**Q** 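First the structure, then my questions, so here it is.
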4 protein chains.
Amino acid sequence: MPKRDREATRARLLEAARLRFAREGYDATSVRDIAGDVGVDATLIFRYFGSKKGLFDEVTADIPRDLLDGPPEELVARMLESVVFADWTTYGGEHPLVAMLRSSAHEEARQRIRKEVCDTYVRALEDLARGEDAQLRAELLSAWLVGIGILRSVVATPALAQAGAGDLAPHVQSVASALLGRPMSGNSGMSGQDLAEDDPRSGSEG
Amino acid sequence: MPKRDREATRARLLEAARLRFAREGYDATSVRDIAGDVGVDATLIFRYFGSKKGLFDEVTADIPRDLLDGPPEELVARMLESVVFADWTTYGGEHPLVAMLRSSAHEEARQRIRKEVCDTYVRALEDLARGEDAQLRAELLSAWLVGIGILRSVVATPALAQAGAGDLAPHVQSVASALLGRPMSGNSGMSGQDLAEDDPRSGSEG
Amino acid sequence: MPKRDREATRARLLEAARLRFAREGYDATSVRDIAGDVGVDATLIFRYFGSKKGLFDEVTADIPRDLLDGPPEELVARMLESVVFADWTTYGGEHPLVAMLRSSAHEEARQRIRKEVCDTYVRALEDLARGEDAQLRAELLSAWLVGIGILRSVVATPALAQAGAGDLAPHVQSVASALLGRPMSGNSGMSGQDLAEDDPRSGSEG
Amino acid sequence: MPKRDREATRARLLEAARLRFAREGYDATSVRDIAGDVGVDATLIFRYFGSKKGLFDEVTADIPRDLLDGPPEELVARMLESVVFADWTTYGGEHPLVAMLRSSAHEEARQRIRKEVCDTYVRALEDLARGEDAQLRAELLSAWLVGIGILRSVVATPALAQAGAGDLAPHVQSVASALLGRPMSGNSGMSGQDLAEDDPRSGSEG
DNA sequence: GATGAATGAGCTTTCATTCAT
DNA sequence: TATGAATGAAAGCTCATTCAT
């Protein structure tokens, strides 16, 4: 079992690194921690990824982005769900974007975040916006989603931390409609629990 | 400025620490870096602040907050200005709240941020909001301001990074009015540079 | 009150140093500890004693030695009392000789100990011993007294730690008589508490 | 002796630590000193022993004790030999017990010493002693042996430092017999150098 | 290729001590 | 003279990383 083991170990290292980097940030995470989580020697990290930074790069390169699948008028609803309700257990319970801010002292991480925000959020919203300063308004809406994610999980302000989809969706829809200049609707198929009011943070903590 | 001046040295250490912690985060900043910036021996940090954490605590304890001074209907405008236009040179060019997110791997820093956001932003906005879920809407608006600060300075999305007060104010006012359920006006005396369009990040790099 | 204050501070520093050096040894004692005990700035130690070692030297130079006062046949009894029953509170509850062993990594301390043992114990006993190898037997008896002090206070073996004067005196007398080749008697005036059986270590802790 | 040999390096670190701790005491010994003696990086000490204290614990845990092997009536003779004549080169030329007193500022070291003295010396002698206060007399005899070791190697009083086995044995035998209440004989096979008169401290200095 | 022993730079912190005022 | 600000060396320890086997 030589070949498959290598790939399996590599994958487990990535997984452990994803969690550690998300939860504790780049600096506070040591390669020994990651290797220890997997139960292998830290040297493997250098063999497989070259360096700690190489591992970080690989970890932050594969953020899942499937927001564009679905009806455009539900895009904002999908984004909101992604930011606050999706199951980011593998990222320590926070949206990868939010988690990555913890490592934003490093220019590399900043560039990742920038690329992610621009490519995934701003551009998609910009396509929907009408009028003069479409990009600015798309960015303002993106900023809101990011801010909601941060206040919800990092800062954990009381109302947002406990809010369910049904509490947030109306506000988000109306503001999004106003900013984009076109009506935005709720996500009718929101993981089958449209107006769920259970604790959205369940399962995010170890 | 005499050489052997305890208070002066203390103040310079605080200043240097503020900048380093903001720019690079807690972990990536060493006490030698800070002392080196000031040109004194690192030992003084322990004499004056007890420990690195003690210094961090002191640095993050004195975030200026004078948002409540002024007419209530201009509160949001003042907040916006504070987040994106105020001169945060001493914090590396970013709003302290945004900079502190860089150290949010540490629970202590998180608590500082939470306290700051809740005490300074949410509570003030909550007093203005009308209707049922006032706190939630206050938090949503706070989230937006924080998100704007982040996208502008950390992520540096193109449109926001270059936007001037005149570009942002209308959008912010209308959304804020909608969220709070009452009309919010712009800050008529915005530091005398109402429609400034210069690069808001200027002066942040040493 | 300039002159007297200086002398008073000097004396208090000596006293604090005596206690610290005895209890914790030279290395584990810092000049700041000593100065802190007295409540003055550590700089005074260097002004008054030149260096930490200078202070140590002065502290270890003035061990009280009044063993020679009294009848010769009670010399051993006086020595035993000095080693195990005398009130060495100012030395942390141990005989200075025993306490100083804690600093015996330093050649200087060793020389102090050597001088003290030879001058105060061996020489006095040697004058009493009869026969060929008088010095050796005097040293052997000195060794015993030192050993008793160590086992009693440092090692704290159960029986010795709780033994009173009445328990030890007979054994010491008979062995001393045998080793010295002449009868040695008990100390009739032993601080007026000849056969005391109270805890001899009382009052040694702060 | 291969270069990359964990066990060998570990053993050499232990050996160097034993010597340093014995000669200079715990506080005056730095982990860099020890590693330097061996010629390896100080990091290995933490890899192999966890901490400086962990190393100290391991060093002081394995004091050799084979005093009980042999005829009971020669026990005291074996103890004397152990304390003053045995080759303690690996402990800097002093009996481990005596050397450890140098670190007796630390409670841990004290407990080691206490355990060693009680388990190895007092208990064995107590089994031989007859009469009422057997333990006290056993401790008194132990104290003597310890005292002899100290005066001989630490204090280095002239007669004891130069004494050979033949000089000490008679005195020790007679006192031991008196204290224990039974005849104790000399060790007839004392490492084949019964009446050696060479300097017993030879070979102790590096 | 894989294992793990070894490295050296750097960390926070405490030390004895000096020097300016 | 006396106060205390300032210093530099060194402590124990952790880090990412390399190199020998």
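It should be emphasised that the depicted structure is a prediction, and the values quoted were computed from it without experimental measurement. Letters A, B, ... mirror the listed sequences (proteins, then strands); counts begin at 1.
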**Q** With DNA chain F as reference, determine whether B:Val40 or D:Asp27 sits nearer its 5' end, using the nearest nucleotide of each.
**A** B:Val40
**Q** Starting at CZ of A:Arg20 and ending at P of F:dC15, how long is that distance when rounded to a whole Å?
**A** 11 Å
**Q** Considering only heavy atoms from C-beta outward, does the side chain of B:His106 approach that of B:Asp27 to under 4.5 Å?
**A** yes
**Q** Excluding sequence neighbours, so at least two apart, what forms ring-ring contact (aromatic ring centres under 6.0 Å, His included) with D:Phe56?
**A** D:Phe21, D:Tyr26
**Q** Go nucleotide by nucleotide along DNA chain E from the 5' end; which of C:Asp33 and D:Leu44 gets its closest nucleotide reached first?
**A** D:Leu44
**Q** A:Asp41: which residues meet the side-chain contact (heavy atoms from CB on, under 4.5 Å) condition with it, sequence neighbours left out?
**A** A:Thr43
**Q** Which residue, C:Asp41 or D:Arg32, contacts DNA chain F at a nucleotide closer to its 5' end, judged by nearest heavy atom?
**A** C:Asp41
**Q** How many Å lie between CZ on D:Arg6 and P on F:dT21, as a whole number?
**A** 17 Å
**Q** Any side-chain N or O of D:Arg4 under 4.0 Å from OP1/OP2 of E:dA6?
**A** no
**Q** Bend angle of the helix from E:dA2-F:dT21 to E:dT21-F:dA2 from five-pair axes at both ends, rounded to 10°?
**A** 20°
**Q** Once you round it to whole Å, what is the distance between C1' of E:dA2 and CG of A:Leu13?
**A** 14 Å
**Q** Thinking salt bridges, do B:Arg102 and B:Glu94 make one under a 4.0 Å N-O criterion?
**A** yes
**Q** Can you name the residues that form a side-chain contact (heavy atoms from CB on, under 4.5 Å) with B:Tyr48, not counting sequence neighbours?
**A** B:Arg6, B:Thr9, B:Arg10, B:Leu13, B:Leu44
**Q** By nearest atom, which of the nucleotides E:dC15, E:dG4, E:dG10 is closest to the C:Ser30 side chain?
**A** E:dC15
**Q** Among A:Val59, A:Ile34, A:Leu19, A:Thr90, which residue satisfies the side chain to side chain contact (heavy atoms under 4.5 Å, CB included) criterion with A:Leu14?
**A** A:Val59
**Q** Checking contacts here: which listed nucleotide (F:dT7, E:dG4, E:dT17) is nearest the side-chain heavy atoms of C:Val31?
**A** E:dT17
**Q** Would you say F:dA6 has OP1 or OP2 under 4.0 Å from some side-chain N or O of B:Thr9?
**A** yes
**Q** Name every residue in residues 46-55 of chain C that has at least one heavy atom under 4.0 Å from any atom of DNA chain E, in order of residue number, or write none if there are no such residues.
**A** C:Phe46, C:Ser51, C:Lys52
**Q** To the nearest angstrom, how far is C:Ile45 atom CD1 from E:dC15 atom C1'?
**A** 13 Å
**Q** From the options E:dA5, F:dA6, E:dT13, select the nucleotide whose nearest atom is closest to the side chain of A:Thr43.
**A** E:dA5
**Q** What pairs with B:Tyr91 under side-chain contact (heavy atoms from CB on, under 4.5 Å), at least two apart in sequence or on another chain?
**A** B:Arg18, B:Ala22, B:Asp62, B:Ile63, B:Pro64, B:Trp88, B:Pro96
